[in-house]
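In the text below, chain A, chain B and the rest are named by the order of the sequence lines, each starting its count at 1. Keep in mind that the numbers below use all heavy atoms, side chains included, and drop hydrogens, waters and symmetry copies.
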Amino acid sequence: MRKGQLQAMEPIIVVIMIVLIAVVALTYFVRLSKSEATIMASTMDSKDALAILQRASTLPELSCALSETQGTACIDLYKAWFMEILMNDPTQDMLKIRYQPIFGNTNVSVEIIKIEDGSSPFNPIQIYNGLAPGVDYTVTRTYFTIHEATTDGRAFAIMHIARESR
Amino acid sequence: MRRGQLGQSFQWIFVIVAGGAFLVFFAMLFRTCAQIGDEQIKGINIYSVSEKLQSGAWKGDTVEVVTIEESLASCPADSVTIIGGGQAAPMDRAPVFIPPALGGEMTIVTRRAEIARNTESPIIIGGVVYAFDQDTYYIVVQDIQQQEWRKLIDILPDGLNIKLISSGEVRDIENLQVPESAKTAVLVSTNPANLDLMTQGLKLPSKPDRYYGVMLNFKDTTSDGGGTARFYVREGDRFVPARKNNRLNYATYHLATGAMVAADYDNFRCANEAFTERLRIITTLHEFRARIISDTLLEDDQFRDPYCAANLRIAAEALYRMNTGDGDEVPDNEKYLELFATHSGKLSHVQRGLLDSGCPVIA
């Protein structure tokens, strides 16, 4: 290429360079933004999970009895079981609508965990299933105390909250 | 350095400066977008009526002032729903004082709803939501319910038109004028004699078609009793008993420390239904739980405790009769509330015994 031709192409090269820099910058900020959005979504999910746990543990349908753990998130094991039975009862289809403002479009289940070995003595108890079937979902977990009234036993439990992926 | 080389250097400097400018421009653009997103999320959380109701409604003694537009209040088949911020909140944590006309600013106050609140170990059944309308004039006679009303009014913010009067002051009710600015008046008493005096003597504003009156009479406030209510409406210059299509139904006094009041019968009906349906779930759940624990305490050698088992069985039977209409047929809502009133005294007694004996309790 002659020197004259190179000089003639200089403005084009300049434009290309500018566009390249812009694309690189754009890519960088899109990635940065995505990363921030992911962190934000994760924080929001955690906050939502805590809010759902707070609501659930103060609902008379799930809360521990007055004489039990007060001031902490506590759910009664038998009530949780009964909620699962109700939610799976086809004649009680209005219940999902009734509890939707409390649990949102989520599936909420609770699982007892044995501290000693991390195993679970029961299958998870699904206390609410408001997530549309077939959608992609993410699960957030939060922790609480579950109370079993017969033995006055308290156990460590995990609340799994599945919601549609953002 | 030759002239051409100098020109090229300037071009490269230009490229770098332009690139940097682009970089700053995009950075600012993305930051601005992110900030707008944050504000929108924050806005929904702060201003959503449903969020407020959900976060506070089952706790005791929370006070929220919310603005509810009339157009946003709806009454679907079985609940009053308030829609705000894209969310819907059924007001099924009543009994509530629903302002006669939904709309404008209301003060939402939540209290714990308990069975037999006069005992040391009440059964908490949930929350009570009182919604006070700033344009409504409330006259409350402090007689038997004095303590509860005082506690409620103590946590209310200023600016509400609530006039507390003593039984003695009812005789001078003629001196009490409902303000002209009030859209409605709600009158509360537990004494039938007071009701008569108030209906006859209260001075009403000069525009009768804008007002109506409500009087509540809870005839029995003991833990075992039921409750009655009367509903009066303004007709001409007098209060008269309301006709059926706008009569007042009520939740019994010890069921929760309030009653539902609504000028619009549909509003009342759906709130009452929503509340009763919710209560049915709770008492059915209590029955199920009491029965399971009772059976386990009776049959499992490891946890055998006949005394606790027997008392929980009594509770389960009382709850069964409440939930099933004494086993005959599933009661309608009105009958269910009557049964609730009938059996809640026994439940309270059993609950206290269970608690004192260190047994598992009903709720």
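- Of the N and O atoms on the side chains of Ser109(A) and Glu111(A), not one donor lies less than 3.5 Å from an acceptor on the other residue.
- For a residue to count as touching a neighbouring chain, one of its non-hydrogen atoms must lie under 4.5 Å from one of that chain's; by this rule Leu20(A) does not touch chain B.
- Both the backbone and the side chain of Leu285(B) have a heavy atom closer than 4.5 Å to some heavy atom of chain A.
- For a residue to count as touching a neighbouring chain, one of its non-hydrogen atoms must lie under 4.5 Å from one of that chain's; by this rule Leu77(A) does not touch chain B.
- Lys114(A) has no carboxylate O lying under 4.0 Å from a charged side-chain N of Asp117(A), or vice versa, which leaves the two without a salt bridge.
- Just one residue in the list Trp81(A), Tyr78(A), Phe82(A) forms a ring-ring contact (aromatic ring centres under 6.0 Å, His included) with Phe288(B), and that residue is Phe82(A).
- Of the listed residues (Leu312(B), Thr284(B), Asp305(B)), the greatest number of heavy-atom pairs within a distance under 4.5 Å of chain A belongs to Thr284(B).
- Between the side chains of Tyr336(B) and Thr283(B), at least one donor N or O lies within less than 3.5 Å of an accepting N or O.
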